[in-house]
2 protein chains.
Amino acid sequence: MLQQRSSRLLASFSHSLRRAAASELSTSLRCRSARAYSIHADASVGTSIQEIDPTKLGITKTTTPKGLLPPEELIFGRNFTDHMLSLEWTASQGWLPARITPYQNLSLDPATCVFHYAFEAFEGMKAYKDKEGNVRLFRPERNMARLNKSSARLALPTFDGDAMIDLIGKFVKLDQRFIPEARGYSLYIRPTMIGTQRTLGVGPPASALLYVIASPVGPYYPTGFKAVSLEATDYAVRAWPGGVGDKKLGANYAPCIVPQMEAASRGFHQNLWLFGEEEYVTEVGTMNLFAAVKNKETGQKELLTAPLDGTILEGVTRDSVLTLARERLEPQGWKVSERKFTMQELADASDEGRMMEIFGAGTAAVVSPVRKIGWKGRMVDCGLPDHTEAGPIAQQMKDWIEGIQYGDEEGHPWSYKL
Amino acid sequence: MLQQRSSRLLASFSHSLRRAAASELSTSLRCRSARAYSIHADASVGTSIQEIDPTKLGITKTTTPKGLLPPEELIFGRNFTDHMLSLEWTASQGWLPARITPYQNLSLDPATCVFHYAFEAFEGMKAYKDKEGNVRLFRPERNMARLNKSSARLALPTFDGDAMIDLIGKFVKLDQRFIPEARGYSLYIRPTMIGTQRTLGVGPPASALLYVIASPVGPYYPTGFKAVSLEATDYAVRAWPGGVGDKKLGANYAPCIVPQMEAASRGFHQNLWLFGEEEYVTEVGTMNLFAAVKNKETGQKELLTAPLDGTILEGVTRDSVLTLARERLEPQGWKVSERKFTMQELADASDEGRMMEIFGAGTAAVVSPVRKIGWKGRMVDCGLPDHTEAGPIAQQMKDWIEGIQYGDEEGHPWSYKL
């Protein structure tokens with residue numbers, strides 16, 4: 001039995017390894033074990049592990065298509081399209097042929113490891129309809145790369161991101177009637193990887209399911225921006241160096257709810273996670289955070305966000321904001337920084353009139369302007385004038401990014417036309 | 001919609017609150033928000049939330065009873081009994097009547113929050129058959145209290161532990177034919193709490209399922225103790241102050257697998273989690289850790305384990321070992337300590353001939369002796385002579401605890417006769 005288990009473990013292990021380029025365990029993990037990995041890979045797997053082959057997709061269409069909701073009744077993640085995309089994986093066979101089926105319940109043994117040990121990782125991405133009615137994804141290769149990193153960190157299987165984008169494209173095109181045409185609407189796509197092994201032993205799952213569901217969504221701010229308030233959380237800690245806070249794992253979400261409810265009970269929309277005695281500003285849990293401040297000495301404008309030190313989710317919107325800022329704001333004299341900064345630094349900028357604006361960045365809202373941050377019994381004003389719901393950089397970023405997402409900006413490499 | 005969501009949030013919130021005694025968010029959480037909590041509790045809930053009522057249990061027996069496996073073929077958590085116990089909870093109604101049904105798959109919408117955000121907590125406990133054929137649980141109130149703490153930390157519902165023990169007792173008695181009579185055998189019981197809300201919004205689940213499955217298991221060491229080797233992990237972190245490492249959440253398990261596989265790839269049975277620059281010894285992920293060392297100055301024998309500082313699971317076996325050591329070893333001159341200790345301290349004790357023994361403590365094995373710990377390229381010897389698989393304290397603890405579990409020690413308050 002020990003031997004069986006051991007060879008299963010290694011099969012799964014080495015499968016992950018074959019994706020070393022995509023999978024990125026931490027560098028230190030890789031370095032420390034390169035020798036052991038390659039020995040196992042040679043000894044235990046051979047050529048039997050299948051990659052995803054999009055040409056083997058099987059499609060079973062629904063016989064009871066859903067009616068479309070009026071666009072104004074769409075609520076994020078509550079209603080789903082007619083179909084779902086699923087791929088099963090086993091340690092001995094690799095990826096079995098993908099299937100598109102009617103949207104349906106998963107039937108799982110109560111001992112399945114996803115229920116007990118949180119073998120689960122996910123992505124959030126969107127499809128948009130452009131003026132010509134084409135459906136477009138936004139930087140989907142980033143989501144696939146991140147899901148591979150997340151999965152590898154949990155000893156779940158990795159996969160060929162391009163093949164998966166191909167399959168997601170077919171699924172989205174099949175259900176494209178659910179994407180409202182109007183600007184601001186989109187189809188939220190949720191790729192989800194779960195471990196499906198049906199035993200309670202704590203070890204790498206020998207089977208997994210990668211599935212994708214999709215929910216049509218309206219604009220995050222239907223009547224224009226509404227700036228939010230955040231409460232800086234100093235009594236609980238979301239992530240730690242050497243932990244998994246930089247991966248998009250289920251494990252990072254449930255523990256955030258009580259602090260979020262705490263903040264809500266005091267009238268804040270969300271909580272902002274600080275780290276360490278220095279009270280470094282990290283992220284919002286569902287969004288990365290950007291601040292635009294003027295330098296105390298030089299007056300130079302700086303757009304800053306926390307660095308990817310292992311405690312911050314590597315947001316696709318975060319990267320998009322940074323890239324656009326470097327391309328388009330730096331030539332206007334801005335400094336763009338990924339660096340640690342503290343709550344005190346923000347409070348000082350606010351007190352000294354150097355705070356320009358703060359906004360969150362994420363797939364759901366693109367950008368989400370922040371009016372104030374509650375911190376240590378005081379309120380840090382984030383620079384928005386009264387009756388103004390967004391600063392100019394937040395507005396500019398939303399316009400730029402949506403312009404690419406909806407295909408207004410022709411031929412931009414971030415927009416993936418299906 | 002915002003209002004709906006808000007009142008749902010508060011209903012769930014205040015339900016948790018009604019269990020304040022059992023639920024223990026962190027003390028700081030409670031203190032900071034006592035006012036807000038009580039306002040909401042008054043405003044939104046009233047008397048509609050139902051407690052668990054064991055008298056309302058409904059039982060549907062299987063019509064296809066399983067055959068019993070030969071005891072020697074039992075593998076931990078792989079085969080289950082005929083039935084399962086389930087209780088549904090909704091934020092508006094509270095706990096619906098418990099049901100015992102044939103063991104069966106869960107059918108869940110693919111958007112269910114347990115798959116995406118790790119709304120899941122669990123327990124591990126055992127039922128034993130005594131010489132008279134009575135079935136006994138071991139300190140079940142501890143498991144129920146811990147599941148309540150774990151659930152509250154994830155905004156999942158809490159419950160009356162005594163009512164739940166009553167129901168678990170009925171379930172176990174119904175399936176007691178699965179518990180082998182021989183010493184060392186038992187029925188592993190897995191209470192599991194999952195969030196069942198079928199939407200992708202990140203918030204407190206408005207519905208949940210508490211279910212219990214049970215797996216007959218053989219002795220952890222069928223042919224007597226086998227001392228294990230551990231690798232001290234310094235490149236990844238299991239838990240941190242202000243995090244959730246002291247709760248029994250799924251979220252704490254999947255991230256431990258890759259470091260465990262890393263250790264296995266270098267020939268170790270498990271990894272040992274260190275914390276901080278000081279390299280404090282914490283726990284094994286599936287076990288707490290005890291070390292018996294002689295004091296450098298006085299020669300006094302000390303049994304030490306890491307303190308419950310928020311990074312250590314509050315193991316039932318850990319507490320049992322500590323309690324028995326204080327009762328029965330302190331009078332023999334031992335010192336029993338819950339205190340921080342470093343890997344260096346263990347290495348020094350080993351180098352200086354003061355290391356007596358090290359063992360893990362958990363429900364599965366009761367105690368698990370450790371022969372050596374790999375640390376920074378060296379091997380720390382844990383004091384076991386060659387060809388000896390357990391030290392005297394590990395052996396003594398196993399005998400004491402099993403004596404209580406199997407009812408040899410008549411009338412001990414830790415043994416709960418069904």
Side-chain angles (χ1 to χ4, degrees), chain A residues 1 9 13 25-26 28-29 32-33 36-37 40 75-78 80 84 105-111 114-120 122 153-155 190 192 194 199-204 211 213 215 235-237 240-244 249-251 253-255 257-258 261-262 264-266 286, chain B residues 1 9 13 25-26 28-29 32-33 36-37 40 75-78 80 84 105-111 114-120 122 153-155 190 192 194 199-204 211 213 215 235-237 240-244 249-251 253-255 257-258 261-262 264-266 286:
Chain A
M1 167 215 160
L9 181 153
F13 209 16
L25 305 178
S26 84
S28 67
L29 290 190
R32 291 169 63 106
S33 62
Y37 272 127
H40 298 322
I75 294 173
F76 171 80
R78 181 161 301 188
F80 296 88
M84 62 192 291
N105 276 13
L106 305 179
S107 178
L108 294 168
D109 190 289
V114 66
F115 297 128
H116 301 271
Y117 307 129
F119 285 103
E120 55 188 80
F122 70 93
R153 184 60 187 81
L154 299 187
R190 171 57 63 92
T192 309
I194 61 174
T199 59
L200 297 182
V202 180
Y211 66 90
I213 55 178
S215 169
Y235 58 87
V237 179
W240 197 269
V244 293
L249 309 181
Y253 287 79
I257 301 302
V258 166
M261 291 162 77
E262 289 278 321
S265 76
R266 289 184 283 273
T286 53
Chain B
M1 167 218 158
L9 181 153
F13 210 16
L25 304 177
S26 84
S28 68
L29 290 192
R32 293 169 61 105
S33 61
Y37 272 127
H40 298 322
I75 293 172
F76 172 78
R78 181 162 301 188
F80 297 87
M84 62 191 293
N105 276 12
L106 305 179
S107 177
L108 294 169
D109 191 290
V114 67
F115 297 129
H116 301 271
Y117 307 129
F119 284 103
E120 55 188 80
F122 71 93
R153 183 61 187 80
L154 300 186
R190 170 57 61 92
T192 310
I194 62 174
T199 60
L200 297 182
V202 180
Y211 67 89
I213 55 178
S215 169
Y235 58 86
V237 176
W240 51 86
V244 294
L249 309 180
Y253 287 80
I257 301 303
V258 166
M261 292 162 77
E262 288 277 321
S265 75
R266 289 184 284 272
T286 53

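Labels below follow one simple rule: chain letters A, B, ... track the order of the sequence lines, proteins then strands, and each chain is numbered from 1.
Using a 4.5 Å cut-off between heavy atoms, A/Ile194 contacts chain B through its side chain alone, with no backbone atom that close. Residue A/Phe115 touches chain B through both its backbone and its side chain, counting heavy-atom pairs closer than 4.5 Å. Heavy atoms closer than 4.5 Å to chain B are found in both the backbone and the side chain of A/Phe119. In this structure, chain B has a heavy atom under 4.5 Å from the side chain of A/Val244, while its backbone stays farther away. A/Leu106 touches chain B through backbone and side chain together, each having a heavy atom under 4.5 Å away. With a 4.5 angstrom heavy-atom cutoff, A/Ile257 touches chain B only via side-chain atoms.
B/Arg190 contributes atom CZ, which lies 13.0 Å from atom CE of B/Met84 (distance to the nearest 0.5 angstrom). How far NE2 of A/His116 is from CG of A/Leu200: 5.0 Å, rounded to the nearest 0.5 Å. A distance of 8.5 Å separates CH2 in A/Trp240 from CH2 in B/Trp240, rounded to the nearest 0.5 Å. The OH atom of B/Tyr235 sits 4.0 Å away from atom CD of B/Glu262, with the distance rounded to the nearest 0.5 Å.
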Would you sort out whether A/Leu249 and A/Leu154 count as a side chain to side chain contact (heavy atoms under 4.5 Å, CB included), showing the intermediate values?
-> CA-CA 9 Å; A/Leu249 309 181; A/Leu154 299 187; 3.8 Å; yes

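Residues B/Met261 and A/Ala155 approach most closely at SD-CB, 3.7 Å, considering heavy atoms.
The six-membered or imidazole ring of A/Phe122 lies away from that of A/Tyr211, with a centre-to-centre distance of 6.0 Å or more.
Most heavy-atom pairs under 4.5 Å with chain B, from the set A/Val114, A/Asp109, A/Ile213: that is A/Asp109. When B/Pro255, B/Ala251, B/Ala111, B/Ala254 are compared by the number of non-hydrogen pairs under 4.5 Å with chain A, B/Ala254 comes out ahead. Comparing A/Pro110, A/Ser107, A/Gly77 by heavy-atom pairs within less than 4.5 Å of chain B, the highest count is held by A/Pro110.
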